[in-house]
Protein chains: 2
Amino acid sequence: MEVQHHNHQACYKRVMAVHDTMDVLGGKWKISILSSLGFGKKRYSEILKEVNGISGKMLSRELKDMEMNLLIKRTVLETQPVTVQYELTEYCENLMPIIFSLAEWGTAHRQRVLAKWGR
Amino acid sequence: MEVQHHNHQACYKRVMAVHDTMDVLGGKWKISILSSLGFGKKRYSEILKEVNGISGKMLSRELKDMEMNLLIKRTVLETQPVTVQYELTEYCENLMPIIFSLAEWGTAHRQRVLAKWGR
DNA sequence: CTGTATCCACCTTGATACTG
DNA sequence: CAGTATCAAGGTGGATACAG
């Protein structure tokens, strides 16, 4: 059937597209880090505190990865000792509404699960 | 400062909320599977074909996991041999616009990367 | 067709110690 | 402060064989 065939094409494409996105945003911490940076520039140690549970090694690694993907910008401030600021790129700003939506859904989901299973 | 403090609270909350979401949607395949189901009911073997690269074991595992999280509904059809239909729950429908947004962003991102590095 | 069980290679992550 | 290096442990996912 015509419609079925068209649907299959569209479906396949979208599955691939989502997969592309997750290649960039996958991993345990990336979206949390972006979410933190969504509130403004942050120093390395600030992110470390705000993203609960992440280790220094993973933070460096994920930051570097996202820098290469043009999602964030890294700036070294020549203070004593050195401090480093991270911020979202303009490019990445497009992504933030989606991430905020994910946050809202997560909150709602948690409430739903709590309501179902009680405490 | 007042505003700083308020921001930090809000930031922390949102990072946690996003983390909650990713607990449910994390993993290599879940979002791709949901994306596929977003186009309508699918049988096990259909999803297997549409979600490129997934193995049968992982598909079962992820489906079961999402069923427990109330994201999808599983229905056994007493055909010969048995077939099984999966579909999104009404609850999960709320999530689909977000997933579609992720797909759109992924497509745009891919184009951007291609434009930058050529071919 | 729709799974489950097992085995195993690989990857990811955390802890710790260390550098500039 | 902002990382890097190393190691060990556990998780993740694929292949295969098998079951209902």
Side-chain angles (χ1 to χ4, degrees), chain A residues 8 15-16 18-34 36-37 40-69 71-88, chain B residues 8 15-16 18-20 22-37 40-69 71-88:
Chain A
H8 183 274
V15 171
M16 297 300 287
V18 169
H19 193 268
D20 285 350
T21 306
M22 294 331 272
D23 265 359
V24 180
L25 297 183
K28 196 170 174 180
W29 304 108
K30 291 207 183 69
I31 292 189
S32 292
I33 295 169
L34 291 181
S36 163
L37 286 176
K41 303 181 184 183
K42 296 274 166 67
R43 300 215 325 266
Y44 177 86
S45 50
E46 290 176 315
I47 306 174
L48 206 52
K49 268 178 289 182
E50 279 178 355
V51 178
N52 209 280
I54 195 172
S55 70
K57 183 180 75 171
M58 288 314 297
L59 181 54
S60 312
R61 187 184 293 179
E62 304 272 57
L63 284 170
K64 198 186 299 177
D65 198 278
M66 290 193 291
E67 194 190 353
M68 295 196 318
N69 272 303
L71 297 181
I72 61 180
K73 178 162 168 280
R74 178 179 180 272
T75 311
V76 179
L77 306 178
E78 293 300 346
T79 52
Q80 189 55 254
V82 164
T83 57
V84 182
Q85 281 218 333
Y86 290 93
E87 62 193 297
L88 302 178
Chain B
H8 183 274
V15 171
M16 298 298 289
V18 170
H19 194 268
D20 284 351
M22 294 333 268
D23 265 359
V24 180
L25 297 183
K28 196 170 175 181
W29 304 107
K30 290 209 183 67
I31 292 188
S32 291
I33 295 169
L34 290 182
S35 167
S36 163
L37 287 177
K41 303 182 183 184
K42 296 275 168 65
R43 300 218 324 268
Y44 176 86
S45 51
E46 288 175 316
I47 306 174
L48 205 54
K49 267 178 289 182
E50 278 178 355
V51 178
N52 210 281
I54 195 172
S55 70
K57 183 180 75 169
M58 289 313 299
L59 181 54
S60 312
R61 188 186 292 180
E62 304 273 56
L63 285 170
K64 199 187 298 179
D65 198 278
M66 291 193 289
E67 193 190 355
M68 295 197 317
N69 272 304
L71 296 182
I72 60 180
K73 178 162 169 279
R74 177 178 181 274
T75 310
V76 179
L77 305 178
E78 294 300 346
T79 51
Q80 189 57 253
V82 165
T83 57
V84 182
Q85 282 219 332
Y86 291 92
E87 62 193 298
L88 303 179

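Throughout, protein chains are lettered first and strands after them, A, B, ... in sequence-line order, and every chain is numbered starting at 1.
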Nearest-nucleotide check on DNA chain C, Lys28(A) vs Tyr44(B); residue mapping nearer the 5' end is Tyr44(B)
Should [X] be listed as having a side-chain N or O under 4.0 Å from OP1 or OP2 of [N]?
X: Arg43(A); N: dG3(D); answer: no
X: Ser55(B); N: dG13(D); answer: no
X: Tyr86(A); N: dC1(D); answer: no
X: Arg61(A); N: dG3(D); answer: no
X: Lys64(A); N: dT4(D); answer: yes

**Report entry** Distance-only side-chain donor-acceptor flag, Gln85(B) / Thr75(B), under 3.5 Å
**Finding:** no
**Q.** Backbone of Gly56(B) reached by a side-chain donor or acceptor of Tyr44(B) within 3.5 Å
**A.** yes
Determine yes or no for a side-chain-to-main-chain donor-acceptor pair under 3.5 angstrom, with Lys64(A) supplying the side chain and Ser60(A) the backbone. no
[X] side chain, from C-beta outward: closest of [options]:
X: Ser60(A); options: dC1(D), dG3(D), dC1(C); result: dG3(D)
X: Thr83(A); options: dG3(D), dT4(D), dA2(D); result: dA2(D)
X: Pro81(A); options: dC1(D), dG3(D), dT2(C); result: dC1(D)
X: Val84(A); options: dG3(D), dC1(D), dT2(C); result: dG3(D)

Measure [atom1]/[X] against [atom2]/[N] and give the value in whole Å, please.
X: Leu59(B); N: dT2(C); atom1: CG; atom2: C1'; value: 10 Å
X: Glu62(B); N: dT2(C); atom1: CD; atom2: P; value: 18 Å
X: Met58(A); N: dC11(C); atom1: CE; atom2: P; value: 14 Å
X: His19(A); N: dG13(D); atom1: NE2; atom2: C1'; value: 13 Å
X: Glu78(B); N: dC1(C); atom1: CD; atom2: P; value: 16 Å
X: Leu48(B); N: dA15(D); atom1: CG; atom2: C1'; value: 14 Å
X: Ile72(B); N: dT2(C); atom1: CD1; atom2: P; value: 14 Å
X: Asp23(A); N: dT12(C); atom1: CG; atom2: C1'; value: 16 Å

Rounded to the nearest 0.5 Å, the NE2 atom of His8(B) sits from the NZ atom of Lys42(A) at a distance of 7.5 Å
Check: Could you walk me through whether Lys73(B) and Glu67(B) pass the salt bridge (Lys or Arg N to Asp or Glu O under 4.0 Å) check?
Finding: CA-CA 6 Å; Lys73(B) 178 162 169 279; Glu67(B) 193 190 355; over 6 Å; no
